[in-house]
Amino acid sequence: MDPSRRSVLAAGGLLAGGAVWAMTPSVSSAAAASPTDGWSRTAFTYALQKPWNLALSDRYSYSGGVHRMWVYSTDEPLSQGSSTDPRTEMRWQQQYTSGQHMWDADVYLPSGTNGATFVQILRVIHPEGTPATDFMLNVYSASGGTVRAFDTTVLKTNAFDTWFNVKLEHNASSGTVKVYFDDELVLTRQDRGPATRHFKNGVYHHGSGRAEARFRNITYWTR
């Protein structure tokens, strides 16, 4: 079951090209490594989630290769009577308990979005008393758009109104989660222990007002 706003935010805790010719010994001849080197593109499917009382077209569009999802803090939850926050999200159908998995997409966060999760690793089946998420990236309106791990560690500022690439890597066998922005590693941390997981992306809104996120070139990698 998706977590409530209170449990989601409280669970975060405190978290701290081409080849170049070697003209001199100080210049590397190796091509720059990519986070996806050695990984395989893998097919994926998803279901779209939105406020229970609205048509999908009221909160989602797809045009020109861009998935656009938005929601308001006053919207209804996914199911009638639920205590969870409103969302419009792609719920990935590929669930896993082990192995290495990576979510990869270009992300655009319009200015004004404050307090929304735009990608997460959800622990859909997990031991009683353990958190419902392994990891999430949230966006806040401060500093031109601040991206945080949960609601704590700042990973990026000035994130609004520009495309940037996000890779979220999870080695479920070793318990390691890595985050890359534009192929640069920005965070490494541990997950919350054994569980059955899947990725989600869109807007799961813990804040106020309108929240929106856009995605293109969404890719699933495994190895």
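The structure presented is a predicted model; accordingly, all values stated were derived computationally and were not measured.
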Q | Stepwise side chain to side chain donor-acceptor pair (under 3.5 Å) test for Thr84 and Ser82 | A | CA-CA 6 Å; Thr84 59; Ser82 171; 2.8 Å; yes

Q.
Please determine whether side-chain contact (heavy atoms from CB on, under 4.5 Å) holds for the pair Asp85 and His205, giving the CA-CA distance in whole Å, both sets of side-chain angles, and the decisive distance to 0.1 Å.
A. CA-CA 6 Å; Asp85 289 328; His205 197 18; 5.5 Å; no

(Q) Assess the residue pair Asp106 and Asn217 against the criterion (side chain to side chain donor-acceptor pair (under 3.5 Å)); give the C-alpha distance rounded to whole Å, side-chain angles, the decisive distance to 0.1 Å, and a yes or no. (A) CA-CA 6 Å; Asp106 298 329; Asn217 300 321; 2.7 Å; yes

Q: Start with the C-alpha gap between Glu76 and Leu54, add the side-chain angles, then the distance that decides, and say whether side-chain contact (heavy atoms from CB on, under 4.5 Å) holds.
A: CA-CA 9 Å; Glu76 291 290 309; Leu54 297 176; over 6 Å; no

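Residues Trp39 and Val166 are members of separate hydrophobic clusters, defined by side-chain heavy-atom contacts under 4.5 angstrom among Ile, Leu, Val, Met, Phe, Trp and Tyr. Under the 4.5 Å side-chain contact rule for hydrophobic residues, Val154 and Leu137 do not share a cluster. Following chains of ILVMFWY side-chain contacts shorter than 4.5 Å, one can reach Leu155 starting from Leu168, so the two form part of one hydrophobic cluster. At a threshold of 4.5 Å between side-chain heavy atoms, the hydrophobic network of Ile, Leu, Val, Met, Phe, Trp and Tyr places Val107 and Tyr180 in two separate groups. Linking Ile, Leu, Val, Met, Phe, Trp and Tyr whenever their side-chain heavy atoms come within less than 4.5 Å puts Val119 and Tyr220 in one cluster.
Taking the six-membered ring where the residue is Trp, Phe164 and Phe181 present perpendicular rings, their angle passing 60° and hence far from 30°.
Once rounded to the nearest 0.5 Å, the distance linking CD of Gln49 with NZ of Lys200 reads 4.0 Å. Between Met90 atom CE and Asn201 atom CG the span is 5.0 Å, to the nearest 0.5 Å. A distance of 7.0 Å separates OG1 of Thr162 from NZ of Lys156, quoted to the nearest 0.5 Å. Taking CZ of Arg148 as the start and OG1 of Thr117 as the end, the distance is 13.0 Å to the nearest 0.5 Å. With values rounded to the nearest 0.5 angstrom, Arg189 atom CZ is found 8.5 Å from Thr153 atom OG1. Here Thr219 contributes atom OG1 and Asn165 contributes atom CG; the two are 8.5 Å apart, rounded to the nearest 0.5 Å.
Each of Trp103, Tyr96, Phe135 was checked for a ring pair (Phe, Tyr, Trp, His ring centres under 6.0 Å) with His170, and the lone residue meeting it is Tyr96.
Between the side chain of Thr196 and the backbone N or O of Val124, no donor-acceptor pair lies under 3.5 Å. A donor-acceptor pair under 3.5 Å is absent between the side-chain atoms of Thr97 and the main chain of Ala195, judged by distance alone. Listed for the Thr146 side chain is a donor-acceptor partner under 3.5 Å among the backbone atoms of Ala142. In terms of modelled atom types and a separation under 3.5 Å, the side chain of Thr42 and the main chain of Ser40 share a donor-acceptor contact. In this structure, Arg123 contributes its side chain and Gly193 its backbone to a donor-acceptor pair below 3.5 Å. Remark: the backbone N or O of Phe150 is paired with a side-chain donor or acceptor of Asn138 at under 3.5 angstrom. For the pair Ser73 (side chain) and Gly209 (backbone), a donor-acceptor distance under 3.5 Å is present. Checking side-chain atoms of Arg87 against main-chain N and O of Gly202 turns up no donor-acceptor pair under 3.5 Å. When atom types are taken as modelled, the side chain of Gln93 and the backbone of Phe44 share no donor-acceptor pair closer than 3.5 angstrom. Proximity of a side-chain donor or acceptor of Asp161 to a complementary backbone N or O of Ser111 within less than 3.5 Å is detected.
When side chains are defined from C-beta on, Thr176 counts as touching Gln190, because their heavy atoms get closer than 4.5 Å. Arg192 is listed as a side-chain neighbour of Thr133, based on a closest heavy-atom distance under 4.5 Å. Looking only at side-chain heavy atoms (C-beta outward), Val66 and Ser61 stay at 4.5 Å or farther from each other. Between Thr36 and Met102 the shortest side-chain heavy-atom distance falls below 4.5 Å. Counting heavy atoms from C-beta outward, Gln94 and Thr222 have side chains that stay 4.5 Å or more apart. Residues His101 and Ile121 fail the side-chain proximity criterion, which asks for heavy atoms closer than 4.5 Å.
Partners of Phe160 under the ring pair (Phe, Tyr, Trp, His ring centres under 6.0 Å) rule, at least two apart in sequence or in another chain, do not exist in this structure. Residues satisfying the ring pair (Phe, Tyr, Trp, His ring centres under 6.0 Å) criterion with Tyr46, sequence neighbours excluded, are absent altogether. Under the ring pair (Phe, Tyr, Trp, His ring centres under 6.0 Å) criterion, Trp52 pairs with no residue at all, not counting sequence neighbours.
Here the closest heavy-atom approach between residue Leu187 and residue Ala149 is recorded as CD2-CB, 3.9 Å. Closest of all the heavy-atom pairs between Val147 and Ala159 is CG2-CB, 3.9 Å. Contact between Arg214 and Trp163 at its shortest, heavy atoms only, is O-CZ3, 3.8 Å. Pro127 approaches Pro194 most closely through the heavy-atom pair CD-O, 3.4 Å. In this structure, Ala213 and Leu109 approach most closely via the heavy-atom pair CB-CD2, 3.9 Å. Looking at every heavy atom in both residues, Thr88 comes nearest to Pro51 through OG1-CD, 4.0 Å.
Under a 4.0 Å N-O distance rule, the pair Glu169/Lys167 does not qualify as a salt bridge.
Because its NZ or CZ atom is not both nearer than 6.0 Å to the ring centre of Tyr60 and within 45° of the ring axis, Lys50 does not count as a cation-pi partner of that residue. In this structure, Arg223 forms no cation-pi arrangement with Trp221, as its terminal cationic atom is not both closer than 6.0 Å to the ring centre and no more than 45° off the ring axis.
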